[in-house]
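Presented below is the structure to which this report refers.
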Amino acid sequence: MNFIRNLFLFLIFLNVSFSTNAQVKLPALVSDNMVLQQNAKVNLWGWASPNEKINIQVGWQNSPVEVTANTTGEWKVAVDTPLGSEKTYTITINASNKIVLNNILIGEVWICSGQSNMYFPVGKEEGTWKTGVKNYEEEIVNANFPNIRLFTVLTNASPKPLDDVTGRWAACSPKTIKTFSAVAYFYGRDLYQKLKIPIGLISTSWGGTKAEAWTSQNVLEENPDFLTILEEDAKNEKLYQEKLETYYLNLRNEKQANNASKTELKKPKKEANKTSYVLYNAMLHPLINYTMKGVIWYQGESNSGKAKLYQTLFPAMVKNWRDDWKQGDFPFYYVQITPHKGQTPEIREAQLLSLKVIPNSGMAVTTDVGDTNNIHPIDKQTVGHRLALISLAKTYKEKLVYSGPIYDHLKIKKDKIQLFFDYADSGFKKTVENLKEFEIAGEDKIFYPAVAKMDGKTIVVSSEKVKKPVAVRFAWKAVPEPNLFNVENLPASPFRTDNW
């Protein structure tokens, strides 16, 4: 009996000790130097002892906010924020311990995601990023914007959804900008210079990744079209395990034969970021509580081999994010990938078609800033600027043209085809003499180079070899060199009027 009694008292002691010593913990995103979304209900959250009461005092209001952790120690509370300004605030959290967050700004928060062209840093790095962006030395020296705050999510992959990421907020400076996403920075800089309010940029990207890696497991499993992706993942995993098994078998045989301390055998490597939903789990799911304004996205190169599937996968991924954030159809602006010898026109078409099915979206065309031999072109300033134009017009209601010409419909006029465009209300660029990259075909489906002429807000296309035209293609190749712009100097998106 004494043994049972003593054990019972010991367990009580352990529980009391845990409750007394437990510390309130915050996620990496909720920390010094962060930017909180202005004029919104923003979430503050973290972990504590089960049922622990937490008192939160935010610097912009007099009354504290109280929240009680649930039975597993998780807590979350929504706090109203004022309009953005350059004023800095503190947030004090009192529970079994005290946490003071300093240098907090209120402004506009944007998630910046995708693959390598979003990850591409402003400055040079060892390994992959040997160039830096165009004029990178000058850009770094001039990057003194303490009211722009940067957060880079450390690359990570997980088979299960995680609750936190690794990273920290930092004020934008020549020291901190060198390794930060160039597209995200140039986008945020344009917004800051125009809006004059703090900007928070959360960069979560990884090179060589497919859209399915950024999509949740549930979404992929629920759509029959996406099951082929998961089947391919399973086959790749099986092949990897077989190679690993062979490696260890050969290693054991080698050790038994000569007891060598070193081996020439090469252990098979597994690319952690190539599997479906693992980046959603590790690099996106932990961000969902963080209230933000919208997303900019630069990805598609790794999906170019299955562009037809991307037409449904990409919109499904966007809907997945919006459903999880529960902020409605927040802005989602993306980059149509640049010309490159390893890419297909179909992937740019998939991105163009996504404009019609993704609500509140926008696409930056980049046919004029690509690099035939480098899938990572260094002109990231133009890319960031064009994304910012979309945002300033659609999100912040500035009166400006934010897109180049987008094909709308055609009219066949005897031996010619007249093409009509959106975003060409002021006409086309006047300096263009001979328009390039137009092709025209008749019912035989053979395309010939076409003569294209500007006619007000339309383009008229023809060829002596096609007497009864039915279809037109524009910039329909891996590396086109089109020269069709609107008066605002924004390039037209590649397109085709057929679906052959």
Side-chain angles (χ1 to χ4, degrees), residues 35-42 60 78 80-87 105-114 118 145 147-149 172 183-203 290-298 315 318-319 321-322 325-336 351-352 354-366 381-406 408 421-427 457 485-493:
V35 177
L36 294 174
Q37 179 61 39
Q38 68 167 338
N39 197 27
K41 283 189 176 295
V42 304
W60 55 88
D80 291 321
T81 55
L83 291 174
S85 71
E86 296 185 354
K87 184 177 181 179
L105 288 170
I106 309 293
E108 293 290 276
V109 179
W110 287 84
I111 305 290
C112 314
S113 188
M118 181 60 81
F145 297 100
N147 289 330
I148 299 177
R149 302 291 171 81
C172 177
V183 168
Y185 166 61
F186 294 127
Y187 169 79
R189 184 180 68 180
D190 273 22
L191 289 191
Y192 177 72
Q193 291 176 332
K194 186 68 176 180
L195 302 176
K196 305 300 183 184
I197 56 174
I199 302 293
L201 302 171
I202 301 172
S203 174
Y290 205 85
T291 310
M292 50 75 172
K293 190 67 173 184
V295 171
I296 59 171
W297 173 260
Y298 194 162
V318 176
K319 185 178 185 301
W321 292 22
R322 286 171 168 170
W325 245 282
K326 294 180 174 59
Q327 290 186 212
D329 288 338
F330 56 72
F332 198 103
Y333 306 139
Y334 58 95
V335 181
Q336 187 183 54
Q351 293 172 315
L352 175 63
S354 293
L355 276 176
K356 296 181 179 180
V357 296
I358 301 176
N360 198 17
S361 62
M363 182 183 75
V365 178
T366 60
Q381 291 91 332
T382 299
V383 180
H385 172 67
R386 288 178 182 166
L387 285 168
L389 282 180
I390 300 171
S391 188
L392 289 170
K394 289 177 66 70
T395 301
Y396 301 107
K397 309 307 178 185
E398 298 282 341
K399 292 184 178 180
L400 49 84
V401 176
Y402 61 87
S403 173
I406 300 291
D408 183 63
F421 295 82
D422 293 325
Y423 308 105
D425 289 347
S426 300
K457 300 176 184 179
F485 294 75
N486 57 15
V487 168
E488 291 78 13
N489 205 35
L490 296 171
S493 170

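Predicted model only: the values in this text are computed from it and were never measured. Residue numbers run from 1 in the order of the sequence given. Heavy-atom basis, side chains included; hydrogens, waters and symmetry copies ignored.
- At distances below 3.5 Å, at least one donor-acceptor pair connects side-chain atoms of Thr81 with backbone N or O atoms of Gln37.
- Residues meeting the ring pair (Phe, Tyr, Trp, His ring centres under 6.0 Å) test with Phe421, sequence neighbours left out: Phe428, Phe495.
- Phe145 and Tyr185 have tilted rings, their planes meeting at an angle from 30° to 60° on a 0 to 90° scale.
- The minimum heavy-atom distance linking Ile358 with Arg322 is given by the pair CG2-NH1, 3.7 Å.
- Counting heavy atoms from C-beta on, the side chains of Phe485 and Pro491 come closer than 4.5 Å.
- Considering every non-hydrogen atom in both Ser426 and Glu488, the closest pair reads OG-OE2, 3.5 Å.
- Separation of atoms CG (Asp408) and CG (Asp422) is listed at 4.5 Å; rounding is to 0.5 Å.
- Between the CD1 atom in Ile296 and the CH2 atom in Trp110 there is a gap of 8.0 Å [rounded to 0.5 Å].
- A donor-acceptor contact shorter than 3.5 Å links the side chain of Asn360 to the backbone of Asp329.
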Under 3.5 Å donor-acceptor pairs involving side-chain atoms of residues 191-200, not counting sequence neighbours:
from, atom 1, to, atom 2, distance (Å)
Tyr192, OH, Asn147, ND2, 3.4
Lys196, NZ, Gln193, O, 3.0

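- Taking CH2 from Trp60 and OG from Ser85, the interatomic distance works out to 11.0 Å, rounded to the nearest 0.5 Å.
- Here Ile106 contributes atom CD1 and Gln38 contributes atom CD; the two are 9.0 Å apart, rounded to the nearest 0.5 Å.
- In this structure Phe186 satisfies the ring pair (Phe, Tyr, Trp, His ring centres under 6.0 Å) test with no other residue, sequence neighbours excluded.
- Shown here for Ser493 and Val365, the closest heavy-atom pair between the two residues is CB-CG2, 3.9 Å.
- Thr395 pairs by the side chain to side chain donor-acceptor pair (under 3.5 Å) definition with Tyr333, not counting sequence neighbours.
- With sequence neighbours left out, the salt bridge (charged side-chain N to carboxylate O under 4.0 Å, His left out) criterion links Asp80 to Lys41.
- Counting only heavy atoms from C-beta outward, the side chains of Ser403 and Lys394 never approach each other to under 4.5 Å.
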Chi angles and distances behind the side chain to side chain contact (heavy atoms under 4.5 Å, CB included) call for Leu352, Met363: CA-CA 8 Å; Leu352 175 63; Met363 182 183 75; 3.8 Å; yes

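- When every heavy atom of Cys112 is checked against every heavy atom of Leu201, the shortest pair comes out as SG-CD2, 4.2 Å.
- Ile390 and Ala364 get closest at one heavy-atom pair: CD1-N, 3.7 Å.
- Taking all atoms of both residues into account, the shortest heavy-atom contact from Tyr402 to Ala393 is CD2-CB, 3.4 Å.
- Counting non-hydrogen atoms of other residues, nucleotides and ligands closer than 6.0 Å to NZ of Lys319 gives a total of 12 or fewer.
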Tyr290 and Val109: CA distance, side-chain angles, deciding distance, side chain to side chain contact (heavy atoms under 4.5 Å, CB included) verdict: CA-CA 9 Å; Tyr290 205 85; Val109 179; 3.9 Å; yes

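- In this structure, Ile148 CD1 and Glu108 CD are separated by 13.0 Å, a value rounded to the nearest 0.5 Å.
- With hydrogens and angles disregarded, no donor-acceptor distance shorter than 3.5 Å links the side chain of Asn486 to the backbone of Asp425.
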Lys293 vs Tyr396, side chain to side chain contact (heavy atoms under 4.5 Å, CB included): CA-CA, chis, key distance, verdict: CA-CA 11 Å; Lys293 190 67 173 184; Tyr396 301 107; 3.7 Å; yes

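- Proximity of Gln336 to Leu355: side-chain heavy atoms (C-beta onward) are nowhere separated by under 4.5 Å.
- Panel note: side chain Ser361, backbone Phe332; no donor-acceptor pair is recorded below 3.5 Å.
- A donor-acceptor pair is defined here as one N or O able to donate and one able to accept, closer than 3.5 Å; no such pair exists between the side chain of Ser354 and the backbone of Pro315.
- Contacts of Tyr298 classified as ring pair (Phe, Tyr, Trp, His ring centres under 6.0 Å), with partners at least two apart in sequence or in another chain: none.
- The backbone N or O of Met292 lies less than 3.5 Å from a partner atom in the side chain of Gln327, making a donor-acceptor pair.
- Under the side chain to side chain contact (heavy atoms under 4.5 Å, CB included) rule, Tyr187 has a single partner from Leu387, Val383, Leu389, which is Leu387.
- Atoms CG and NE2, on Leu490 and His385 in that order, are 7.0 Å from each other to the nearest 0.5 Å.
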